[in-house]
Amino acid sequence: MRVEIFKDYQELSDAAASAIINQVKLKPNSVLCFASGDTPKLALHKTVERAKKEDINFSRIFFIDLDEWVGIAPDEPGNCGNFFREIFLSPLKISEDQYHLFNGMATDLDQECKEMDEVILKKGGIDLMLVGLGMNGHIGFNEPGTSPELSSFVSLLDEETKSVGQKYFQGEKHLEKGLTLGFKHLMEARKVILMANGKHKSEIVRKALEEGISTTVPATILRKHDNGIVMLDEAAASILTHKEKDL
Ligand code: F6R
């Protein structure tokens with residue numbers, strides 16, 4: 001896994017946007033899967049800006065969201081699907097048949113996961129995943145202790161995720177469960193970029209990159225991916241012992 005360090009959040013986001021743009025230029029019908037949240041937000045804005053400016057055709061991509069909160073309606077701010085519709089799918093005019101989003105309001109959540117797995121299989125797997133890093137080392141809602149063998153599943157959220165997750169919502173929300181792609185999908189994706197920025201992520205970045213590989217810090221497992229890249233800003237990389245290296 002390659003580690004790349006950028007001066008600040010702007011430069012980090014430029015690099016992530018370039019990776020998305022290059023992927024789509026290389027393979028216009030790429031299957032893309034992104035995390036929502038604060039980390040990829042600017043990269044997605046930059047992707048949209050560049051796609052419009054450089055006239056890059058996103059109409060043939062297929063998009064999948066990495067995860068979704070259970071019980072948060074699709075039109076609520078903080079709903080992951082809503083995040084993508086607003087900042088990525090609508091601005092790029094990606095039509096409804098070109099994406100599949102988890103429905104966190106579904107009555108049968110296991111069926112929702114099964115459908116996601118079927119879509120991924122039918123589309124021939126994921127070309128590029130862009131994921132963030134939780135304060136507890138989670139990726140998507142793969143919380144500490146989760147089996148790395150899972151496909152999509154209903155996750156029981158960790159206490160830290162329930163409290164950190166409040167930042168996405170306007171009022172206090174009851175967060176118990178999430179729908180998420182599992183590590184099976186992450187490891188099978190043809191390319192995975194893990195992004196992290198800010199001093200507040202430096203300790204978990206250090207654990208993810210320098211501690212032993214185990215489900216205690218789920219992101220450590222990504223180090224086994226053959227085509228994984230970790231993109232950090234200097235603040236997030238500030239307490240790493242070894243910088244700019246292959247892990
Ligand atoms: C969100 C997701 C989460 C976040 C992680 C970091 O869709 O998959 O795993 O990527 O919690 O969140 P931010 O980027 O808000 O710090």
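Whatever order the structure lists ligands and atoms in, that order sets their numbers, starting from 1. When a residue number appears, it is its place in the shown sequence, counting from 1.
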Whether the His185 and Asp117 side chains hold a donor-acceptor pair (N or O, under 3.5 Å, no angle test) is what I'd like checked.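 Judged by distance alone, the side chains do pair up.
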[atom] [closest protein heavy-atom partner, distance rounded to 0.1 Å]:
{"atom": "atom 6 (C) of ligand 1", "answer": "Leu133 O, 3.5 Å"}
{"atom": "atom 16 (O) of ligand 1", "answer": "Lys201 NZ, 2.7 Å"}
{"atom": "atom 5 (C) of ligand 1", "answer": "His138 NE2, 3.5 Å"}
{"atom": "atom 14 (O) of ligand 1", "answer": "Thr39 OG1, 2.4 Å"}

Per-atom contacts, ligand 1 versus [X] - under 4.0 Å to a heavy atom:
{"X": "Asp38", "answer": "13 (P), 14 (O), 15 (O)"}
{"X": "Leu66", "answer": "8 (O)"}
{"X": "Gly37", "answer": "14 (O), 15 (O)"}

Salt-bridge present ([X], [Y]; N to O < 4.0 Å):
{"X": "Lys7", "Y": "Asp233", "value": "no"}
{"X": "Lys27", "Y": "Asp127", "value": "yes"}
{"X": "Lys53", "Y": "Glu49", "value": "no"}
{"X": "Lys207", "Y": "Glu211", "value": "no"}
{"X": "Glu176", "Y": "Lys162", "value": "yes"}

Non-hydrogen atoms of Tyr168 versus ligand 1: any pair closer than 4.0 Å?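 The answer is yes: ligand 1 sits under 4.0 Å from a heavy atom of Tyr168.
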Consider ligand 1: state whether an atom of it lies below 4.0 angstrom from any non-hydrogen atom of Lys167.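 The answer is yes, since Lys167 has a heavy atom less than 4.0 Å from ligand 1.
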Ser36, Gly140, Gly134, Gly132: member with heavy atom nearest to atom 9 (O) of ligand 1: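 Selected option, by shortest heavy-atom distance: Gly140.
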Closest by any non-hydrogen atom to atom 7 (O) of ligand 1: pick that one out of Leu194, Ile139, Asp67.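 Closest candidate by heavy-atom distance is Asp67.
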Hey, can you tell me if Trp69 and Phe169 have their rings parallel, tilted or perpendicular (30° and 60° cut-offs)?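 Correct class here is perpendicular.
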Does atom NZ of Lys114 have more than 12 heavy-atom neighbours from other groups under 6.0 Å away?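 No - once you tally the heavy atoms of other residues, nucleotides and ligands closer than 6.0 Å, there are 12 at most.
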